[in-house]
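Data block below; observations after.
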There are 4 protein chains.
Amino acid sequence: MKHQASAAASPNLRDRLRVLTSQAILDAAEVVFATQGLQAARMEDVAARAGVAVGTLYNYFKDRESLVASLHAWRHQQMIELFEQSLAAGEAQPFEAQLLGVVRPLLSHFDQHRAFFVVLMQSEAEVGRRETMCVRRAAILELRGCFERVVERGVASGALRREDAEIFPSAIFAMMQCAMMQAHFSESATPVADQAAALVRLFLDGARVRP
Amino acid sequence: MKHQASAAASPNLRDRLRVLTSQAILDAAEVVFATQGLQAARMEDVAARAGVAVGTLYNYFKDRESLVASLHAWRHQQMIELFEQSLAAGEAQPFEAQLLGVVRPLLSHFDQHRAFFVVLMQSEAEVGRRETMCVRRAAILELRGCFERVVERGVASGALRREDAEIFPSAIFAMMQCAMMQAHFSESATPVADQAAALVRLFLDGARVRP
Amino acid sequence: MKHQASAAASPNLRDRLRVLTSQAILDAAEVVFATQGLQAARMEDVAARAGVAVGTLYNYFKDRESLVASLHAWRHQQMIELFEQSLAAGEAQPFEAQLLGVVRPLLSHFDQHRAFFVVLMQSEAEVGRRETMCVRRAAILELRGCFERVVERGVASGALRREDAEIFPSAIFAMMQCAMMQAHFSESATPVADQAAALVRLFLDGARVRP
Amino acid sequence: MKHQASAAASPNLRDRLRVLTSQAILDAAEVVFATQGLQAARMEDVAARAGVAVGTLYNYFKDRESLVASLHAWRHQQMIELFEQSLAAGEAQPFEAQLLGVVRPLLSHFDQHRAFFVVLMQSEAEVGRRETMCVRRAAILELRGCFERVVERGVASGALRREDAEIFPSAIFAMMQCAMMQAHFSESATPVADQAAALVRLFLDGARVRP
DNA sequence: TATGAATGAGATTTCATTCAT
DNA sequence: AATGAATGAAATCTCATTCAT
């Protein structure tokens, strides 16, 4: 009541701390899960890395599964947003440039969270609870839907063949995934994003020698 | 060797029984791992499915990890052999036909062991023990090596561009993987092998509209 | 005392508030313990029901055990007082009437706090800390002592046999308990107090057919 | 095959061992639960007392709750059987003798498992899972049903009043329970069974002085 | 004085592995 | 060689209690 600043900030303070802690836990979880593997990692490790007690994890996430799910949802959301921005930014450009404008930022995002995305893929393949699977599938389908929109635009603008258009979204997605996996297994330090142009070219022109 | 006929046959019989049991266990393991997930599956489940006691598993495989590794090695070996046969069989054909001749049987193999390959991919992304990782990486690199040989032949025969040849093997591999994953997540019943031709065409000619 | 009117009233106000909060907590605790069970109930639940924060509970009661003990003591005190009043009120009446005058109000009290008394009995059987047990035993003995006084008066007035007088207090007590338990398990809605007369008659005359 | 005895015993051996272990666990559980209290007792304590590893408990009982339930069921069954035998044994005797013939053995059984029965009562009052409650209630009702049969016989033989017969079963039951509780709280070493005759007399003749 | 997020000891349960029969 | 009961380390999750605001 007395101090405007402190009084005004006070109610927000708790909330801000909550958000901060929540983020700290998610950040820690990402690193720990990526480093130790999704199942090998113990909640205690996540807590230790986040600098909180185990019990605190459970004040923010119902259980282990919920923590993993939140992590997924978070990164997924970021990717979708990144995609939307990139797509909108390239709206005025010719198709190839727009495609590259979408692929490169996504690969950059990959680069920044490389370790975690491996975990993400791993758990995507996981044969777990039914509901978990559904959520995952929905997420993947949403991402694929993004690429479908790009392909549609390519077809509409006359840049892509209409006949095989059905498999194009998956094809781009696959190439990106592959670049990712390869970087992971070869433990290469070069950013995957550097291959964006080559990938787009391969997707558009194929591998065949032109006369 | 020491004993008469029956005794001479006996060691063979024993060996054959050993192999039979071993195979039964691996078969059971494949199904159980694929059905329940690699970590969710319990050794007891594998034993039950194989029709043996838990202890027996440990008479044939040092430990859980060793069982999984054997399963991997087994399927991997089959794929390599399949690849070699397909490649040799298409030696006389033009490049596109040979490539298709390699891709289609591999996808068929995928189709037959679809569930397990998902598990395989899952564990490939696994960040487990260092030595396990090495073995896995070696296996993947070997498979990629196979595709490198195909690409080399394509380049040599003038069918593929030399400039981007470096990323071609991964690209083909990626497209196959992707077709696989997509089938898994969409729970499609159509054989992935049916998409072989489309994949090869996309790889060779790209997605761009030709004038 | 030192300060003026407002200051003089202030300590009383504070005290009254303390008592009010304390009562609110005890009331909440009774309901929560009775509903969820003595061990299943969490301090947080009690706090929520009382409309205070968890920390506040510990401003009023040292710890969980102390809260339970207070609850017990409170109800126990009420029963003792109820007993004394009833006993005094029936002093001039013949023995059977006086006994009924004691039993019926106690059973009514039971009816009002039925759920809690089940919890009370439960914890009476609890094999917990030594000191807790002592307190409980003292409470029970005090209640039994009340009935001993009634029995004594019955013997003195020539209404009860002297020979078996030792087991009479427990017998009455047992019958009351039993009526209680039975009501609980049969989830009967009829007040136990309605059986008071029948219980007293059974206690006095037994079950045997008289010639 | 070679040895009749050993071969014949062999299949039974495992089963007999299973039963033995199962009994050992139940015995240990009874003591531990009675000594430490139903919730205070840890599975580890039960295991230690039974001389097995914790895991073994779970080879025999699905979970903690199941162990407790088995214990209850076991003792309950024994009591029912004891009751049936006693009742049949006194069939030819006059009512009072038959009643005593039923009450005394039950109280003896109480004496032998005194500590556990306290636990039994405690958990009977427990407000736990719905299904658990149902099982318990069924058990109690079954026991009460036994006493109802005795009372019926008493009424039929003209020994008991018909009018109040409804509350007689509970009354006997209550008196027995009370004797039990009292012995527990007073930590008396005298067998409760010694009070059997007094209880029966009180039940039959009441406390009133006869002219 | 009230608050409620943080704490961390402790309990239950699982399951890969062993080993006596 | 096959069996399957016993083992016990390890992981998840709970909740009474504390203490900074």
Side-chain angles (χ1 to χ4, degrees), chain A residues 6 9-11 13-15 17-18 21-22 39-47 50-67, chain B residues 14 17-18 21 39-48 51-67, chain C residues 14 17-18 21 39-48 51-67, chain D residues 6 9-11 13-15 17-18 20-22 39-48 50-67:
Chain A
S6 75
S10 176
L13 182 60
R14 278 245 163 112
D15 287 355
L17 283 179
R18 274 202 79 85
T21 308
S22 176
Q39 331 94 35
R42 302 167 318 133
M43 292 300 269
E44 200 181 326
D45 298 330
V46 174
V52 299
V54 213
T56 303
L57 299 185
Y58 292 87
N59 288 338
Y60 287 83
F61 303 93
K62 188 185 166 298
D63 53 16
R64 192 188 209 279
E65 193 179 353
S66 163
L67 174 56
Chain B
R14 279 218 174 139
L17 283 179
R18 269 203 81 83
T21 308
Q39 314 98 37
R42 292 148 60 241
M43 293 297 271
E44 200 182 324
D45 298 328
V46 174
V52 299
V54 221
T56 305
L57 299 185
Y58 290 85
N59 290 336
Y60 287 83
F61 302 93
K62 184 181 168 298
D63 54 17
R64 190 186 209 277
E65 194 178 352
S66 162
L67 174 58
Chain C
R14 279 220 175 137
L17 283 179
R18 270 203 82 82
T21 308
Q39 315 98 36
R42 294 147 60 242
M43 292 298 270
E44 201 182 324
D45 298 329
V46 174
V52 299
V54 221
T56 304
L57 299 186
Y58 291 86
N59 290 335
Y60 288 82
F61 302 93
K62 184 181 168 298
D63 53 19
R64 191 189 209 277
E65 194 178 353
S66 162
L67 174 57
Chain D
S6 76
S10 177
L13 182 59
R14 279 245 162 113
D15 287 354
L17 282 178
R18 273 201 79 85
L20 243 57
T21 308
S22 176
Q39 332 94 35
R42 302 168 318 135
M43 293 299 269
E44 200 181 327
D45 298 329
V46 175
V52 300
V54 213
T56 303
L57 300 185
Y58 291 86
N59 289 337
Y60 288 83
F61 303 93
K62 189 186 166 299
D63 54 16
R64 191 187 210 280
E65 193 178 354
S66 164
L67 173 57

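Atom set for the values below is all heavy atoms of this structure, side chains included, hydrogens, waters and symmetry mates excluded. Letters A, B, ... are given to chains in the order of the sequence lines, protein chains preceding strands, and every chain is numbered from 1.
- Using a 4.0 Å heavy-atom cutoff across all strands shown, A:F61 reaches no nucleic acid atom at all.
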| remark: Symbol by symbol from the 5' end, with Watson-Crick or G-U pairs under 3.5 Å, [ ] crossing and | another strand, DNA chain F is .||||||||||||||||||||

Identify the pairs formed between an N or O of the protein and an N or O of nucleotides 14-16 of chain E at a distance under 3.5 Å, and give each distance.
from: E:dC15; atom 1: OP2; to: B:R42; atom 2: NE; distance (Å): 3.2
from: E:dA16; atom 1: OP2; to: B:M43; atom 2: N; distance (Å): 2.8

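- As a whole-Å value, the separation of C:L57 CG from F:dC19 P is 17 Å.
- Look at CZ on C:R14: it is 10 Å from P on E:dA2, rounded to the nearest Å.
- Among the nucleotides E:dG4, E:dG8, F:dG4, the one closest to the side chain of A:A53 is E:dG8.
- Summary of the strand contacts: A:L17 and C:R18 both lie near DNA chain E, and taking for each the nucleotide with the nearest heavy atom, the more 5' one is attributed to C:R18.
- Taking atom OH of residue B:Y60 and atom C1' of nucleotide F:dT3, one finds them 13 Å apart after rounding to whole Å.
- The closest donor-acceptor contact from the side chain of D:T21 to the backbone of D:L17 lies under 3.5 Å.
- In plain terms, the two heavy atoms of A:M43 and A:L57 that are nearest each other are O-CD1, 3.3 Å.
- Remark: A:L67 CG to A:E65 CD distance equals 11.0 Å, nearest 0.5 Å.
- Between D:G51 and B:V52, the one whose closest nucleotide on DNA chain F sits nearer the 5' end is B:V52.
- One finds no side-chain N or O of A:T21 lying less than 4.0 angstrom from the OP1 or OP2 phosphate oxygen of E:dA5.
- Contact between A:Y58 and A:D63 at its shortest, heavy atoms only, is CE2-CA, 3.9 Å.
- Of all heavy-atom pairs spanning D:R64 and D:Q39, the tightest one is NH2-O, 3.5 Å.
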